Number of protein chains: 2
Amino acid sequence: MKQEFLKNWDTQMKKGLLPLFVLQLLQTKECYGYEIIQELKSVFGIDVNEGTIYPLLIRLMKEGLLQHQWVEQASGIPRKYYTISTEGKAVYAEMKKNIELNIQNLK
Amino acid sequence: MKQEFLKNWDTQMKKGLLPLFVLQLLQTKECYGYEIIQELKSVFGIDVNEGTIYPLLIRLMKEGLLQHQWVEQASGIPRKYYTISTEGKAVYAEMKKNIELNIQNLK
DNA sequence: ACACAATACATTGTATAACGATGTATTAAA
DNA sequence: TTTAATACATCGTTATACAATGTATTGTGT
C-alpha cells in the first residue's frame, strides 16, 4: 500500500526529527558518531546512513549545540565523542515544545 | 536564540508534517488549494507558500490519495476542490501511527 | 598468510520538497 | 485607475537524507 510513498515520506520526516533525536540521545549519554547510528537504531528504531549523521554532527557543532573531543583508543581508530551544550539543551526544549504543539492537532 | 537554525528546522519539519496536515484537513472538509493555505494557518497555525501547496496537491493526486473537481463560481476564478480518497485515508492512518511512535521516544 | 567484515572517520553526487519570485486572470476596494 | 485579494500554476535556489565511495585499523574465517 503505497510503500514507496511512505518510505519517501519517512525520509522527509527524518529531516526534521533527526536533529531532535540526536540532541536527546546526547542528553542521556556521551556518544561518538558511529555509536550514534547504532543507538538511533536500537533506541529509536530508525536507520540512519553514515553520510547523514556525520554532516549532521558537523552542522550541530557549527551551531554551537554540541561539543566534541577526540579520544584515543587502546586499539583501533580514535573516536570523536560528542556532548550537548547548554545552548543545545535549550534548543532541544524549544524544538520539542514546537513539535508537540503540532502533533496535538492530529486527530 | 538560534532563530535561523530553528526557522530552518521548521522548514524541514514541514516536509514531513505537511502531507499529514493536508490529508487530515480534507478528512473533515472539502477544500480548494487557496483555501487550504488559509485553513493551515487558522487551524494548525502554520504558514505555507502557494509554491508549496500546489505542487504538494499535485503529488498527492498522482499518488491517488486525493480526488479533485473543478467548480465554476458565480463570480471569479473557478476553484479546484479536493477530497480525500479511501487510499488517502488509509495512508493517513499509517503516517499518523508512525509519527506517534516516533514522538513517544521524546523525553 | 590472506581475504573479508566490522569499526570509525569523512566527502561527493543525486533526489526530494519548501521557499521566494514570478506569471496569468478575475473581481472588489481605495 | 491603480492596488489588493482571490485562485490557479511554474521556476530557480536551498537544505538535507541517501547511496556510493574513500581512508585506516582490527578481528575473524579459511
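Keep in mind that what you see is a predicted model, and the values were worked out from it rather than measured. Because only heavy atoms are used, hydrogens play no part in the values below, and waters and symmetry mates are left out as well, while side chains stay in. The sequence lines fix the lettering, A, B, ..., with proteins before strands; numbering per chain opens at 1.
- When rounded to the nearest whole Å, the span between CD of A/Q38 and C1' of C/dA5 equals 14 Å.
- Salt-bridge formation is not detected for the pair A/E94/B/K2: no Lys NZ or Arg NE/NH1/NH2 atom is positioned less than 4.0 Å from an Asp or Glu carboxylate oxygen.
- Among the protein residues, B/K14 comes within range of the sugar-phosphate backbone only, with heavy atoms under 4.0 Å from sugar or phosphate atoms but none that close to a base.
- As rounded to whole Å, 10 Å separates atom C1' of C/dC9 from atom CD1 of A/I37.
- Minimum heavy-atom separation, B/G64 to B/S85: O-OG, 2.7 Å.
- Electrostatic pairing of B/E100 and B/K96 counts as a salt bridge here, judged by a charged N lying under 4.0 Å from a carboxylate O.
- Note that the first and last nucleotides of DNA chain D, 5' to 3', having any atom under 4.0 angstrom from a heavy atom of chain B are D/dT6 to D/dT16.
- Checked by atom type and distance alone, the side chain of A/S42 pairs as donor or acceptor with a backbone atom of A/Q38 at under 3.5 Å.
- The nearest heavy atom of DNA chain D to B/E50 and to A/L56 marks one nucleotide each, and the one closer to the 5' end goes with B/E50.
- Note on B/E35: nothing from the nucleic acid sits closer than 4.0 angstrom, heavy atoms only.
- With 3.5 Å as the limit, one finds a donor-acceptor pair spanning the side chains of A/Y92 and A/Q24.
- Residues from residues 63-83 of chain B that place a heavy atom under 4.0 Å from any atom of DNA chain C, listed by number: B/S75, B/G76, B/I77.
- Counting to the nearest Å, the P atom of C/dT14 and the CG atom of A/N8 are 18 Å from each other.
- Here B/E35 pairs with B/K29 in a salt bridge; the nearest charged N to carboxylate O distance falls below 4.0 Å.
- Base engagement by A/G51 is indicated by at least one non-hydrogen atom pair under 4.0 Å involving a base atom.
- Atoms OH (B/Y54) and C1' (C/dA21) sit 15 Å apart, rounded to a whole Å.
- In terms of position along DNA chain C, the nucleotide closest to A/Y32 lies nearer the 5' end than the nucleotide closest to the other residue of the pair A/Y32 and A/Q12.
- The nearest whole Å value for the distance from the CG atom in A/L57 to the C1' atom in C/dC9 is 11 Å.
- Checking the phosphate oxygens (OP1, OP2) of C/dC9, no side-chain nitrogen or oxygen of A/Y34 falls inside 4.0 Å.
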